[in-house]
Each structure stands twice: as structure tokens, then as C-alpha cells.
2 protein chains.
Amino acid sequence: MDTHMKRIRNKKMQELVVSPVEAASWIKDGMTLGLSGFTRAGDAKAVPMALVKRAEKEQFKVNVFTGASLGSDTDKLFTEAGIVKKRVPFQADKVMRKGINEGTLLFDDHHLSQTPEWIRSGVTEPIDFAILEAVAITEDGMLIPSTSIGNNLSFAKHAKSIIIEINTAHSAKWEGIHDLYYPGAQGERDPIPLKKVDDRIGSIGIPLDIDKVKGIVFNHQMDSESTISQPDRETEVMAENLIAFLRSEVEAGRLTNRLAPLQSGIGSQANAVLYGLLNSEFEDLEVYSEVLQDAVFDLIDAGKVRFASSASITLSNEKMDKVFNNLDNYRDKLIMRPQEISNHPEIIRRLGLISINTALEFDIYGNVNSTHVTGTKMMNGIGGSGDFARNARLAIFVTKSVAKDGDISSVVPFVSHVDHTEHDVDVLVTEYGYADLRGLAPRQRVGLIIANCAHPMYREQLWEYYYEALQRGGHTPHILEKALSWHVNLQQHGSMRKQSEKRV
Amino acid sequence: MDTHMKRIRNKKMQELVVSPVEAASWIKDGMTLGLSGFTRAGDAKAVPMALVKRAEKEQFKVNVFTGASLGSDTDKLFTEAGIVKKRVPFQADKVMRKGINEGTLLFDDHHLSQTPEWIRSGVTEPIDFAILEAVAITEDGMLIPSTSIGNNLSFAKHAKSIIIEINTAHSAKWEGIHDLYYPGAQGERDPIPLKKVDDRIGSIGIPLDIDKVKGIVFNHQMDSESTISQPDRETEVMAENLIAFLRSEVEAGRLTNRLAPLQSGIGSQANAVLYGLLNSEFEDLEVYSEVLQDAVFDLIDAGKVRFASSASITLSNEKMDKVFNNLDNYRDKLIMRPQEISNHPEIIRRLGLISINTALEFDIYGNVNSTHVTGTKMMNGIGGSGDFARNARLAIFVTKSVAKDGDISSVVPFVSHVDHTEHDVDVLVTEYGYADLRGLAPRQRVGLIIANCAHPMYREQLWEYYYEALQRGGHTPHILEKALSWHVNLQQHGSMRKQSEKRV
């Protein structure tokens with residue numbers, strides 16, 4: 001038996017090997033696919049590419065459900081091929097984003113913990129084919145996932161048919177790192193028995209209904225590299241500001257030097273902020289997140305993080321080499337879970353996470369926009385940030401105070417879209433400082449946000465808006481006819497700066 | 001011993017009886033009070049009134065924490081006396097609302113399940129005095145609450161001192177109806193062992209640290225009557241529309257005729273919608289809510305509801321007479337819990353609630369405003385609606401399609417404040433129909449919302465906005481310079497109707 005076939009330890013399933021082209025031929029126009037993949041990691045690769053190829057000669061459209069964003073340019077190629085009718089629940093591809101904003105494909109952007117509830121209860125389209133990457137299939141027919149779990153367990157349980165992609169580029173040593181737990185239907189389920197970040201509550205793989213497995217293909221292609229950029233001076237200062245806040249929580253007796261389990265969203269800023277912990281006084285840390293990026297492994301290597309749990313691992317090439325080839329070094333410090341469990345309100349609240357996510361913009365009262373540029377154009381989606389912000393011990397949002405060389409202020413009078421309401425946002429952090437909004441009335445938040453978070457070039461302009469609004473009164477003073485004027489200025493004149501000042 | 005003193009079965013505590021005036025004299029300027037009371041029910045009455053009296057001759061201010069809104073005009077009288085520095089977390093009084101909107105007192109409006117987390121972890125001001133209504137104190141010094149539990153358990157555990165008000169107007173038969181469960185600190189707590197609406201998981205009263213009980217006073221004053229109005233033709237039709245939606249869920253196989261545990265927010269519209277279930281085909285229903293209003297007891301009497309759980313019971317005078325004097329009839333169908341448990345994300349998600357709350361306005365993409373009139377003026381607060389909407393099986397928002405004789409449309413291009421984001425809102429209901437938004441991209445939601453929910457007199461105006469926005473593109477098309485123009489029109493001309501049309 002060749003080394004490939006050794007990955008399929010269930011004899012009956014060895015007979016199911018087909019080519020990606022054959023597997024792709026089973027997919028019909030109008031079907032709904034559940035693809036493995038979460039933040040570029042562990043995505044199905046061969047069958048999606050065969051599908052793109054098929055689209056060169058044939059017209060069809062499918063609904064594409066995933067865990068979160070895909071790697072391997074799948075979202076790009078699917079969009080270019082015009083084969084996506086609806087995409088659920090998160091994407092981060094430039095070409096697909098363009099399609100979404102032009103309305104050529106539908107995007108249903110919901111909380112990452114929500115998809116499995118909807119699949120289970122039959123709210124969404126039934127999954128016709130689950131296409132799931134694996135590193136192996138065990139003797140008793142259990143699928144061992146690779147670098148992400150995402151929605152794979154839900155897809156496998158509820159899809160009419162399953163196609164498995166054994167990825168031989170991934171080490172077989174991933175086996176034993178995953179922990180698959182499936183809550184029952186709402187109203188019939190037990191409490192999820194997870195009390196600590198490192199509790200193991202499920203099985204090491206996904207039990208398969210072998211009758212539903214229609215085919216197994218092989219691929220040998222490493223995950224796409226993460227696209228995050230390295231920390232810069234501003235994100236370093238943001239990290240310092242975040243640490244200053246956490247330190248003040250320790251001083252107030254609300255946290256210890258071990259802090260609380262950390263969640264950090266996808267992206268360069270959240271990653272950079274975690275790097276800041278390397279040289280902090282905090283130690284023996286735990287991570288309970290939906291995705292682990294480079295910084296977490298540096299923190300593990302430095303002995304700062306004792307344990308990390310996630311639904312996905314998304315790394316730079318350099319870090320992939322180091323981690324994926326030395327899995328035994330991380331085995332006792334790492335666990336991977338379905339995104340339903342990594343993002344579950346029950347667990348987030350019970351563990352009391354410190355949740356760090358990226359804002360696109362926030363307003364002087366603490367409402368956060370994390371999805372829509374000028375209220376209209378979708379960036380990537382809300383991802384897990386809503387799951388975490390609502391239920392965490394501390395919902396922290398980070399962003400640089402300005403963008404586009406200062407033409408965009410991340411602090412505005414009125415956000416152009418709300419993903420996290422004033423009721424859910426605890427702390428805001430920019431390179432200028434932090435604003436701790438807990439327990440404050442809206443009028444009390446304004447000064448903190450302007451003085452501690454806004455870029456100095458926008459502070460006067462923000463105060464001007466607020467003082468004028470204050471004349472009109474209200475719990476949350478606003479001048480409605482000017483509330484969105486900063487965004488209108490940006491659209492019409494290319495800058496949020498007051499036009500009079502810009503002309504000077 | 002007089003009948004009053006029989007309510008204090010703990011001998012040692014019988015010595016603690018004082019007058020309300022004396023108890024009120026212990027409260028110093030700058031202190032933080034934790035008052036019992038949730039949606040007018042079970043509020044401390046005698047000591048707050050003595051405090052109002054004291055304010056006639058003395059200047060002081062206190063922070064007032066409660067469960068939710070208070071009865072007995074306490075919020076009104078406190079505001080008029082000028083003794084409130086900060087009010088947390090929900091109120092529903094006209095005079096207090098005016099003070100909040102004028103900025104003469106601070107209002108920290110957060111999710112009702114959040115307050116106990118903040119008290120426990122020391123985020124908010126420490127509670128100097130808990131002032132808690134009770135129907136009795138047991139032999140072993142346990143406080144038996146009255147018609148609400150709210151935050152009483154958290155206040156009792158964390159306050160420096162406790163004052164108890166034994167309300168002899170309430171039947172002693174309340175004993176045995178409450179179920180007090182206290183989760184530990186985040187990161188140290190167990191799963192909450194509640195799996196069914198009628199599970200009993202705690203004690204029948206609040207265990208008191210007797211050393212902290214500084215005084216016990218008596219009062220003999222029934223709760224304030226609920227302020228809800230009776231169903232009218234429009235709310236009856238709204239109920240029919242909601243039932244049509246629920247019926248379609250049964251037909252789709254996602255619910256049975258028993259539905260799922262129901263949560264219904266405070267207020268006339270939510271109450272009226274529940275009344276609609278009286279003549280529906282649904283049966284053997286369960287309620288898991290923060291407050292029970294009249295309709296739930298009619299449903300129990302009619303044999304439609306088999307069991308109801310809540311943090312508070314707020315009724316009309318007529319219904320109070322009937323229910324409070326016949327508690328034995330309801331004993332096996334009723335349980336009362338702390339608001340931390342009635343509103344806990346863990347339980348809401350596990351049970352899969354059907355959550356019905358009232359919107360002030362919603363927009364064509366499904367964002368809901370439930371707190372701020374024209375984005376600035378606070379009504380009552382978010383209450384538990386955010387706890388429920390984010391975590392429920394079905395987050396349903398109801399409202400009449402217009403207000404103020406049609407000058408205000410409840411369906412607008414862009415809400416002036418967001419309390420529930422497009423990601424959290426599943427179904428919208430008005431007297432014109434319902435819009436099921438689940439799984440839809442923003443552009444797909446618009447037509448449903450306008451056609452099924454908006455008042456006919458505003459539909460063309462909404463379409464006009466949308467078509468113009470569509471020219472600009474985007475995942476969520478908007479014309480930012482016109483997005484809030486409906487609210488501006490209302491402020492400037494008294495109506496959201498197009499001014500050209502109004503002149504005709």
C-alpha cells in the first residue's frame with residue numbers, strides 16, 4: 001500500500017478513492033456545499049479547484065458555506081468563475097468582496113457560532129455536499145481534521161453526502177490534537193461540560209456515517225500563508241496601551257497576573273497586540289480563541305502561554321514550518337475545537353474571556369463598526385467578534401486612530417454601521433491610549449474617547465460636534481443632520497477633515 | 001407576638017426591627033444602593049420613601065442600582081428630590097427619563113444579565129446598602145423574596161450592609177416559589193445545571209450573612225399596578241401575524257405545536273402578542289422570561305401554558321387580586337429566578353428560546369432601535385432584549401408600523417440608534433405582516449421588510465430611498481447624506497412624510 005493509502009485506515013473506505021474531477025462532477029447546479037476551512041486554514045483544496053475548472057465549460061451556481069475565510073484563492077476563483085450564488089458566513093477576499101458589494105453574489109454575514117445552530121435546525125439550505133479536508137481516516141471511520149475544524153462536524157452530521165480530501169502535505173501527527181463535541185438540538189441539550197481551557201470533552205475526530213461518504217480524494221498542498229503584516233510602531237504602542245489597561249485591572253484586584261483566557265480576532269492588529277504580551281509581566285496565560293496566529297506560538301515558545309484552544313491555526317510560512325513540523329512540542333499545549341464550541345456564548349461567559357477584536361471605526365459613544373466601509377461596503381464580515389464581544393468578561397476593540405494618511409478618522413461622531421452596540425463595548429484602544437467605558441453614561445464616555453483614543457488632528461473637530469449636539473440635549477446627544485457628515489465628506493472630498501481646514 | 005413579627009422566624013433577627021426613617025438615616029451622601037424591584041414588582045418601598053422625605057431637609061446624592069424599573073413612583077420621587085447621581089440598569093419613568101435626557105442624572109444602560117457580573121467582579125461601585133423587599137425571613141436566616149427577584153441575590157451577597165423590608169401586604173405563600181442559584185466567579189464557575197424551564201437548581205430563599213443585616217423594616221403596600229394597555233385591533237393583528245410565522249415554522253418541521261420556551265419583553269405590545277396565543281393551535285407551552293405579565297396567567301388559566309419561569313411578576317390590579325390571592329393554584333406552574341439566570345446567555349441558548357421584544361423602529365436592513373427616540377432621547381433602556389435577541393433560537397421584534405397618527409414610520413431607511421444589529425434580528429412583525437430575515441443578504445431583506453412590515457403610506461418613500469441607494473452599490477446600499485433625513489424631517493417638520501407630499 002502506498003503511503004497515501006495508509007492515511008485511510010478504514011478498509012471499506014479505501015475503496016472510495018476517486019479523482020477530484022470525478023468528485024466535482026457530482027455537484028449540481030443549485031446545490032449547497034459545506035467546505036472545510038477557517039481563516040485560510042484546513043480548507044478543502046482539490047475538489048473546489050476541480051469545480052473551478054468545470055466552470056470553464058459549464059454554467060452552474062452553488063451556495064458556499066464554510067467555517068470562515070478560505071485559503072487557496074478559492075473565494076477569488078469561485079467569484080471569477082461566477083459559480084457562487086450565496087456565501088456564508090465570513091470571507092476575506094478582495095475579488096469576492098467586490099462581487100458582494102456589486103451585488104453579483106449574496107453574502108449572509110452572521111455570527112460564526114450561529115451557522116451550526118441554523119444547519120442543525122434546518123433554517124439554512126440543506127447541505128448537499130460536505131467537502132472536508134482531513135489528515136487521516138481512522139480504522140473505525142473517524143475523520144481526523146487538519147489545521148482547522150470550523151463547521152466540519154456540523155457539515156458532516158447534516159450533509160446529504162460527504163467528500164473527504166486527505167491532505168498528505170499535512171502531518172499525520174495532527175491526530176490527537178482535536179476535540180470534537182457536538183451539542184444536541186436546542187431544548188434537548190446538556191450543559192457543555194467545558195470548565196477549563198484545556199478540558200477535553202469530545203472525540204479526537206469526526207465520527208462519519210460511512211454510507212454518506214461518496215468519495216475520497218487526495219491533495220498535497222499546504223495551507224495558504226496568513227496575510228497579516230508584522231507589528232509596526234503604532235501597533236506596538238497599541239499593545240502597550242492595552243497592557244496598561246490590563247495592568248490597571250490587576251491593580252484594581254479584578255484580574256491576576258495570569259489575566260483570564262484571551263481571545264484575539266483574525267488580523268494584523270489583533271496579532272500585533274498579542275505580541276506585546278511577550279515582554280509584559282503577565283504569565284502562565286491561556287488562550288481560548290477561534291484562531292491562533294503567529295503571536296500565540298511565540299508566546300508559547302517564550303513560556304508565556306501555557307495552553308491555547310482554537311478552531312483554526314493560521315500562520316506565516318515561516319511559522320508553519322516551525323510549528324507543523326514539530327507538533328509533538330505543542331501537543332500538550334494545544335487543543336482544537338469546532339467553532340460552535342470555540343465561539344459558544346455559554347463557554348465565553350463561563351470562562352470570562354478577555355476578548356480583543358479589531359474595529360473599522362467607533363463613535364464618541366462607543367458603538368463599533370467592524371464590517372462596513374462608509375456604512376455600505378462590506379469588508380470581511382462580523383466573524384466571531386459578536387459572539388465574543390457580547391458574552392466576554394472584557395470586550396476590547398482595537399484600531400489605529402486614523403487610516404489613509406489621516407483622511408479617515410477611526411473615531412467618528414456616529415458610526416456608519418453598527419456591529420457592536422454601546423451596550424457591548426467595554427474598552428477601546430488606539431495608539432493614543434485606551435478608554436474604559438464600563439459603567440459610564442454616554443456623556444461620560446465622550447471625553448475619554450476623544451482624549452484617549454482619537455488622533456489629535458481630529459480631536460477639536462470631534463469636540464465641536466459634541467458641544468453642538470449637547471445644545472440639543474438627550475441621553476446620547478447628536479445632530480442628526482450632521483451625524484454622518486464625516487463619512488459624506490470622505491465620499492465627496494476624499495477626507496473626513498473639515499473642508500475649510502483642508503483648504504488652508 | 002404580632003402577625004408582623006411572625007414573618008421574621010429567625011429569633012436573632014427579630015431584634016433588628018427599626019423604623020424606615022431610622023434605616024434611611026444610615027444612608028450617606030455618595031453611597032450606592034442596591035434596591036429590590038424589577039418591572040415595578042417587589043420593589044423596596046418604605047426606606048426609599050423615607051429617603052425622599054429626608055431629602056426635603058438635606059442635600060445628598062446616591063447611586064441607585066435595581067433589577068429593572070421600580071414601582072411606587074420611586075424613580076419619579078427620587079428624581080424630583082434630586083438625590084440620584086447614577087441609575088443602573090433600566091428605568092421606565094417619565095420624570096426620570098426627562099432628567100436623564102437633560103443630563104441632570106446619569107443612566108448606565110446595560111444588559112440586565114450584565115449587572116450581577118459587574119457587581120461580582122467589582123467593576124461597578126461597591127453596593128453600600130442592599131434594600132430588599134421580602135415576604136419572610138426563615139428560621140435559618142434566609143430571605144424569602146416577594147414578587148420579583150431581580151438582582152437581590154447579588155445585592156445581598158456583595159453589599160456591605162443589608163436592610164430588609166418585610167412587606168406584609170404580600171402573601172406569605174410566596175415561599176417556595178423562588179429558586180435562587182448563584183454562579184461563581186467567571187473562570188471558576190460550573191455549568192449552570194438548568195436543562196428544562198421547570199428545573200429547580202437552587203434554594204427557596206437568599207441565604208443572608210446575618211452580620212451584614214443592619215435593620216429590618218415593615219411595609220404594607222401592594223406593588224404598583226402594571227401600566228400596560230389592553231390589546232387593540234392593531235396588536236391583535238400583530239399577534240395573528242406572529243402566529244402565522246410560528247405556524248410556518250411548524251409546517252417547516254422546525255418547531256412542534258408546543259413551540260419552544262417563550263420570552264416576552266415588558267410592555268403592552270409584547271403582552272398583547274402573547275394574548276394571541278389563547279386562540280391558537282399551540283399548546284402545552286412553556287414560558288422562560290424575565291417578567292410575566294397578565295397574558296401569561298390567562299394562558300395558564302386556559303391550560304395553554306404548562307409552566308412559566310421569570311425574575312418578576314408584574315400585573316394589573318385585577319390580575320394581582322386573582323393571582324396573588326390564589327398562589328396555591330399556580331405553585332406547580334411557576335418558578336421565579338434571579339435575573340442573572342432568567343437572562344443568562346448560557347440558558348437562553350441551551351433552551352432555544354423564542355424571544356419576542358418591542359422595537360421603537362427598525363430599518364430596511366433589519367437593524368433595531370429599542371431605546372433612543374430620534375437617536376438621542378432615552379426611553380426606558382435596553383433591558384433584557386439584548387440578552388435574549390443575541391442568544392435566542394428566534395429573535396423576534398414587534399412594533400406597530402407607525403406612531404403619532406402616522407407622522408412617525410417605525411420602518412426607516414437607517415435607524416437612528418442601534419440596539420440589535422442586523423446580525424441578531426431574525427423576524428420583524430408589524431400589523432401588516434412579518435419579515436423572516438434569517439439567512440438573507442441585506443439586499444434580500446429590503447423587499448420583505450417594506451412589503452410585509454411598513455405602513456402602505458411609507459412604502460413608496462422607502463422604495464425611493466432604496467432604489468437611489470442601489471445606484472451607489474454596496475453590500476448594504478445607503479445614501480449617507482439622506483440616511484437620517486427621515487428623522488431630521490420629523491425633528492424639523494413634525495413628520496417623516498416627504499414634505500412635498502405633506503403639503504399636498
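In what follows, chains carry the letters A, B, and so on, assigned in the order in which the sequence lines appear, proteins first and then strands, with residues in each chain numbered from 1.
Looking at heavy atoms from C-beta onward, A:Thr376 lies out of side-chain contact with B:Thr476 at the 4.5 angstrom threshold. Inter-residue side-chain proximity for A:Arg472 and B:Gln491 is flagged as met; some heavy-atom pair is nearer than 4.5 Å.
Heavy atoms closer than 4.5 Å to chain A are found in the side chain of B:Asp426, but not in its backbone. Using a 4.5 Å cut-off between heavy atoms, B:Ile100 contacts chain A through both its backbone and its side chain. Only the side chain of B:Gln492 comes within less than 4.5 Å of a heavy atom of chain A; its backbone N, CA, C and O stay farther away. Contact annotation for A:Thr124: neither backbone nor side-chain heavy atoms come within less than 4.5 Å of a heavy atom of chain B. Only the side chain of B:Phe414 has a heavy atom closer than 4.5 Å to any heavy atom of chain A. Within the 4.5 angstrom heavy-atom criterion, only side-chain atoms of B:Gln444, from C-beta onward, approach chain A. Interface remark: B:His372 contributes side-chain atoms only to the contact with chain A (heavy atom separation under 4.5 Å). For A:Asn489, no part sits under 4.5 Å from any heavy atom of chain B, backbone or side chain. At a 4.5 Å heavy-atom cutoff, B:Lys98 makes no contact with chain A through either its backbone or its side chain. Contacts of B:Arg438 with chain A are made by both backbone and side-chain atoms, with heavy-atom separations under 4.5 Å. Residue contact with chain A, scored on non-hydrogen atoms closer than 4.5 Å, is absent for B:Ser485. At a 4.5 Å heavy-atom cutoff, B:Asp436 makes no contact with chain A through either its backbone or its side chain.
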Check: Where do B:His110 and A:Glu422 land on the side-chain hydrogen bond (donor to acceptor under 3.5 Å, both in side chains) test, with the steps shown first?
Finding: CA-CA 9 Å; B:His110 58 245; A:Glu422 48 149 347; over 6 Å; no
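Checked against the 6.0 Å centroid threshold, B:His111 and A:His423 count as a close aromatic pair.
In terms of heavy-atom proximity, A:Val488 sits nearest to B:Leu480 at CG2-CB, 3.8 Å. A:His478 and B:Gly375 make their closest contact through CD2-O, 3.9 Å (heavy atoms, listed as atom of the first residue, atom of the second, distance). When every heavy atom of B:Gly187 is checked against every heavy atom of A:Lys196, the shortest pair comes out as O-NZ, 3.0 Å.
A:Leu394 contributes atom CG, which lies 8.5 Å from atom CD of B:Gln186 (distance to the nearest 0.5 angstrom). Note that CH2 of A:Trp118 is 10.5 Å distant from CZ of B:Arg254, once rounded to the nearest 0.5 Å. Separation of atoms NE2 (A:His475) and NE2 (B:His417) is listed at 8.0 Å; rounding is to 0.5 Å.
Of the listed residues (B:Ile192, B:Thr421, B:Thr115), the one with the most heavy-atom contacts under 4.5 Å to chain A is B:Thr421. Taking chain A as the reference chain and counting heavy-atom pairs below 4.5 Å, the highest number among B:Met378, B:Arg393, B:His487 is found for B:Arg393.
Screening residues 365-386 of chain B for salt bridge (Lys or Arg N to Asp or Glu O under 4.0 Å), with sequence neighbours left out, gives no hits. Among residues at least two apart or in separate chains, salt bridge (Lys or Arg N to Asp or Glu O under 4.0 Å) pairs with a member in residues 104-121 of chain A are A:Glu117-A:Arg120, A:Glu117-A:Arg189, A:Glu117-B:Arg349, A:Arg120-A:Glu340.
B:Asp387 has no carboxylate O lying under 4.0 Å from a charged side-chain N of A:Arg390, or vice versa, which leaves the two without a salt bridge.
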